[in-house]
S.K.: 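Sending over a structure as structure tokens; questions will come in a sec.
When a ligand or atom number is given, it counts from 1 through the structure's own listing order.
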Amino acid sequence: MERGKGEDKEQVIQDGVAAMAHCYKGFNPTAYLQYNYTPPRADFSRADSIVPWKLGCLHRAFTEGDVGGEMLVDVGSGPTLYQVLSGCEVFGRVVLTDFLDVNRRELRRWLGEEEGSFDWTPYLQHVCKLEGRSPSAWQEKAARLRSVVTEILPIDVHQPSPLPPGTLPSPGADCLVSSFCLESVSPDLASFTRALGHLSALLKTGGHLLLIGALGESYYMGGPGVRIPVVPLDEAQVCSSLRSSGYTLLHLSTYTLPPDMRVGVDDVTGIFFVKARKM
Ligand SMILES: C[S@@+](CC[C@H](N)C(=O)[O-])C[C@H]1O[C@@H](n2cnc3c(N)ncnc32)[C@H](O)[C@@H]1O
Ligand SMILES: O=[N+]([O-])c1ccc2c(c1)CN[C@@H](CO)C2
């Protein structure tokens, strides 16, 4: 029996998604954290370092008064927690998610105060300063974060329902945050846009999406010898994908990497920060 064109298209999509999943088999959380979350990319003494810029965007987005509710979901958390250091003060329930068990285990190590977990102290101190608190309040913030993170769940943004059934209350989460995920897990721009649409199903109408992503990036190293392809995006494509997935763009800001932030672990040229709303 001849296959229909639709079946062929669906097979091509599934093959692309499977190929991306295969790329992630060698992902190394420790190496990834070392590549991206230590100086120079995470240098809190430099106004032009990438991580302080991201934390400033998140702080402003979570504290300017329009974002609120009970539940915040971080999509594709990886082994990192910086994404929710501001949001954990606003929401009573924070759900972290990732595709890989190695990342979910890394998150549990910090949350469970296990020996050898990544030291997020400088990040906690920096966000306390952004909040007008003494940096010594970082232990309070760490305790707050540990108290509101209720689940660390598997997720697949390529599924129409990315989370396990019953995870979210019926209207959906009040807010989603996601950083460096969709463009780093999608085989092409169409898949990136479809994944944005799948995220919309997790979000209540009127809820907010805070999206951080890479501009102009075609690959990154997920560990020694683990080269992961990335969908190279520009601002216009990000805006068009948001619009076609039913979001209203509220704010977009971008960061261009200074030469010494290009450390050989990827070919990213810029970072975007988006605040959008599901209408
Ligand atoms: C570049 S890392 C981003 C990690 C973290 N959010 C950050 O800001 O650094 C991309 C993450 O997407 C996860 N991932 C891979 N495939 C995925 C999928 N199909 N759905 C959701 N997440 C996926 C990976 O395990 C990895 O943790
Ligand atoms: O500078 N940074 O803070 C930073 C953090 C994470 C990532 C990047 C840059 C660029 N590559 C992405 C993967 O596509 C991951």
S.K.: Indicate whether any N or O donor in one side chain lies under 3.5 Å from an N or O acceptor in the other, for Thr80 and Gln83.
M.R.: yes
S.K.: When Lys275 is tested against each of His208, His251, Glu64 for side-chain hydrogen bond (donor to acceptor under 3.5 Å, both in side chains), which residue passes?
M.R.: Glu64
S.K.: Taking N or O atoms only and a 3.5 Å limit, does Tyr220 qualify as a polar contact for ligand 1?
M.R.: no
S.K.: Can you name the closest pair of heavy atoms from Leu249 and Cys239 and give their distance?
M.R.: CD2-SG, 3.8 Å
S.K.: Could you see which bit of Gln83 sits under 4.0 Å from ligand 1, with heavy atoms only: side chain, backbone, both or neither?
M.R.: side chain
S.K.: Show me which atoms of ligand 2 lie under 4.0 Å from any heavy atom of Asn36.
M.R.: 3 (O), 4 (C), 5 (C), 6 (C), 7 (C), 8 (C), 9 (C)
S.K.: Nearest to atom 1 (C) of ligand 1, what protein heavy atom do you find, and at what distance?
M.R.: Phe180 O, 3.1 Å
S.K.: Please report which non-hydrogen protein atom sits nearest to atom 5 (C) of ligand 1, along with the residue it belongs to and the distance in Å to one decimal place.
M.R.: Ser77 O, 3.1 Å
S.K.: Going by distance only, is there an N or O of Gly76 that falls short of 3.5 Å from an N or O of ligand 1?
M.R.: yes
S.K.: Taking atom 3 (O) of ligand 2 as the point of reference, which of Lys54, Glu183, Arg262, Arg41 owns the nearest heavy atom?
M.R.: Lys54
S.K.: Can you list the ligand 1 atoms lying under 4.0 Å from a non-hydrogen atom of Ile155?
M.R.: 20 (N), 21 (C)
S.K.: Tell me: protein heavy atom nearest atom 7 (C) of ligand 1, and distance?
M.R.: Tyr37 OH, 3.2 Å
S.K.: Can you tell me how far apart NZ (Lys54) and OG (Ser253) are? Round to the nearest 0.5 Å.
M.R.: 13.0 Å
S.K.: Suppose we measure from atom 2 (N) of ligand 2 to each protein heavy atom; which comes out shortest, and what is that distance?
M.R.: Ile50 CG2, 3.6 Å
S.K.: May I ask you to list the atoms of ligand 1 that are less than 4.0 angstrom from any heavy atom of Ser179?
M.R.: 3 (C), 5 (C), 6 (N), 7 (C), 8 (O)
S.K.: Check each of Phe27, Tyr32, Tyr24 against atom 4 (C) of ligand 1 and report the one with the nearest heavy atom.
M.R.: Tyr32
S.K.: Does a side-chain heavy-atom distance below 4.5 Å link Arg93 with Glu151?
M.R.: yes
S.K.: To the nearest 0.1 Å, how far is atom 14 (O) of ligand 2 from its closest protein heavy atom, and which atom is that?
M.R.: Glu217 OE1, 2.5 Å
S.K.: Do Phe272 and Leu233 touch side chain to side chain, with heavy atoms closer than 4.5 Å?
M.R.: yes
S.K.: Show me which atoms of ligand 1 lie under 4.0 Å from any heavy atom of His158.
M.R.: 19 (N)
S.K.: Restricting to non-hydrogen atoms, name the atom on Leu189 and the atom on Ser241 that form the minimum distance, rounded to 0.1 Å.
M.R.: CD1-OG, 4.0 Å
S.K.: At what distance is the nearest protein heavy atom to atom 22 (N) of ligand 1, and which residue and atom is it?
M.R.: Cys181 SG, 3.6 Å
S.K.: Tell me, with the steps shown, if Glu10 and Gln14 meet side chain to side chain donor-acceptor pair (under 3.5 Å).
M.R.: CA-CA 6 Å; Glu10 184 54 33; Gln14 291 311 322; 2.7 Å; yes
S.K.: Can you name the atoms of ligand 1, numbered from 1 with element, that are less than 4.0 Å from a heavy atom of Leu100?
M.R.: 25 (O)
S.K.: Assess Arg133 against Trp138: is NZ or CZ under 6.0 Å from the centre of the six-membered ring, and within 45 degrees of the ring's axis?
M.R.: no
S.K.: Does the side chain of Leu196 reach to within under 4.5 Å of the side chain of Leu209, using non-hydrogen atoms?
M.R.: yes
S.K.: If only side-chain N and O atoms count, and only distance matters, is there a donor-acceptor pair under 3.5 Å linking Tyr82 with Tyr37?
M.R.: yes
S.K.: Under 4.5 Å between any side-chain heavy atoms of Met221 and Ile228, yes or no?
M.R.: no
S.K.: Identify whether the distance between the nearest side-chain nitrogen and carboxylate oxygen of Lys141 and Glu131 falls below 4.0 Å.
M.R.: yes
S.K.: Under 4.0 Å from a heavy atom of Ser184: give me the atoms of ligand 2 that qualify, with their elements.
M.R.: 13 (C), 14 (O)
S.K.: At what distance is the nearest protein heavy atom to atom 20 (N) of ligand 1, and which residue and atom is it?
M.R.: Val157 N, 3.0 Å
S.K.: Of all the non-hydrogen atoms in the protein, which one sits nearest to atom 15 (C) of ligand 1, and at what distance?
M.R.: Val185 CG1, 3.3 Å
S.K.: Against ligand 2, does Tyr37 come closer than 4.0 Å with any heavy atom?
M.R.: yes
S.K.: Below 4.0 angstrom from a heavy atom of Gly78, which ligand 1 atoms are there? Numbered from 1 as shown, please.
M.R.: 4 (C), 27 (O)
S.K.: Main chain of Val185, side chain of His158: is a donor-acceptor contact present, judged purely on distance under 3.5 Å?
M.R.: yes
S.K.: So which heavy atom in the protein is nearest atom 17 (C) of ligand 1, and how far is it from that ligand atom?
M.R.: Phe99 CB, 3.4 Å
S.K.: Where is the nearest protein heavy atom to atom 15 (C) of ligand 2: which residue, which atom, and how far?
M.R.: Tyr32 OH, 3.3 Å
S.K.: Which residue and non-hydrogen atom of the protein lie closest to atom 19 (N) of ligand 1, and at what distance in Å?
M.R.: Asp156 OD1, 2.9 Å
